[in-house]
Amino acid sequence: MQSLPGTARAVAYPVPMSEPVVISIVDSHTEGEPTRVVIAGAPMLAGRTVREMAEDLAARHDWFRSAVVCEPRGNEVLVGALLVPSADPTCATGVIYFNCAGVLGMCGHGTIGLVRTLVHLGRLAPGSVRIETPVGVVVAQHSGESIGIEVANVRSFVHRADVTLRLDEGRTVHGDIAWGGNGFFICEDHGEAIELGNLQALNQLACSIHRALARDGLSTVNSYPVDHVELIGAPRDPRNHGRSFVYCPGGAYDRSPCGTGTSAKLACLAAHGTLAPGDVWRQESLIGSVFDAWYAPSPEGGVMPTIRGRAWITAQGTLLLDPTDPYRHGIVPSTVR
Ligand code: PYC
């Protein structure tokens, strides 16, 4: 087991905050999807497990989440990653992922971006590293030579197969509700071209599915909502197996093939008997980037998925929150007049 020298250096912020807040970050993208890792300046979180700390972040320090990932410093595509201590002695660190809508369960592209960031900072030697997330332990592997990073994700499974969803427009779609570290509705009978030129129609349909899922109160494990919509179509590149449009909570589509979404898709393929253990599924994103993915059956049901993708560092810097700035905590409902 590797141990990481230091989680994000945490600060006990006074309330109200009258001093400038300084947050160190490293930005990367994983197959097109951005991740912002917080290196220092995070608030001290209460809790023993990463799940408890994620609950504390959401309950008491939501300003920090929105300051890091919402406009004007971030955008709705960006995923933040906050390193926190892990109480699990087999884990080198814990991590909490979040975006403009709130805290996420797990994030596959984010874990690949996190590993690339730790390598960039000289904090991670080649090999494997166990990381505690709010929804379980994941194991990341990098060789130091190739830029491909593998993530063995949490157990993934079909929660409800072949769900019929009636949309507000009167149209009906079918799909599986599956868990891959976040909750997904995975749909193939959508009738839309999975192409960037069709983005408006894809967004409209995914939004409508998202509304119907919320209206029907559909959830997955531990009451996690089904808040990601994954539309699957034929791949553009014949070397690949499927092309995905993944709509995330907050309203942006995933530029990568979505690590937790690809894991949930593997669970569906395994449940339907269309992909054998160990066989590689290559999932394209809307921009054509690819994750390789495969699974082993889980003794508890469902699959233990592994995804592989690449990440690159895009920026390293400091976020400044000026106490006189009305939007220092981001443009969020409470700051909009
Ligand atoms: O890669 O798992 C993922 C992910 C979730 C939300 C955005 N990306």
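Nothing here was measured: the structure is a model prediction, and the numbers come from that model. FYI, side chains are in, hydrogens and waters are out, and symmetry mates aren't considered; it's all heavy atoms of this structure. Ligands are counted one by one from 1 in listed order, and the atoms in each one are counted from 1 as well.
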Next on the checklist: Please determine whether salt bridge (charged side-chain N to carboxylate O under 4.0 Å, His left out) holds for the pair Asp292 and Arg282, giving the CA-CA distance in whole Å, both sets of side-chain angles, and the decisive distance to 0.1 Å.
Outcome noted: CA-CA 5 Å; Asp292 290 339; Arg282 286 172 55 84; 2.8 Å; yes
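For the residue pair Ser86/Asp88, the side-chain donor-acceptor check at 3.5 Å is not satisfied. With hydrogens and angles left out, the side-chain atoms of His159 and Asp176 include no donor and acceptor closer than 3.5 Å.
Evaluation of the ring pair (Phe, Tyr, Trp, His ring centres under 6.0 Å) test over residues 96-135, restricted to residues two or more places apart or in two chains, returns none.
In plain terms, the two heavy atoms of Ile307 and Ala293 that are nearest each other are CG2-CB, 4.1 Å. When every heavy atom of Ile23 is checked against every heavy atom of Phe64, the shortest pair comes out as CD1-CE1, 3.6 Å.
Contact residues of ligand 1 (protein heavy atom closer than 4.0 angstrom to a ligand atom; sorted by chain and number): Glu33, Cys107, Gly108, His109, His228, Cys248, Asp254, Cys258, Gly259, Thr260.
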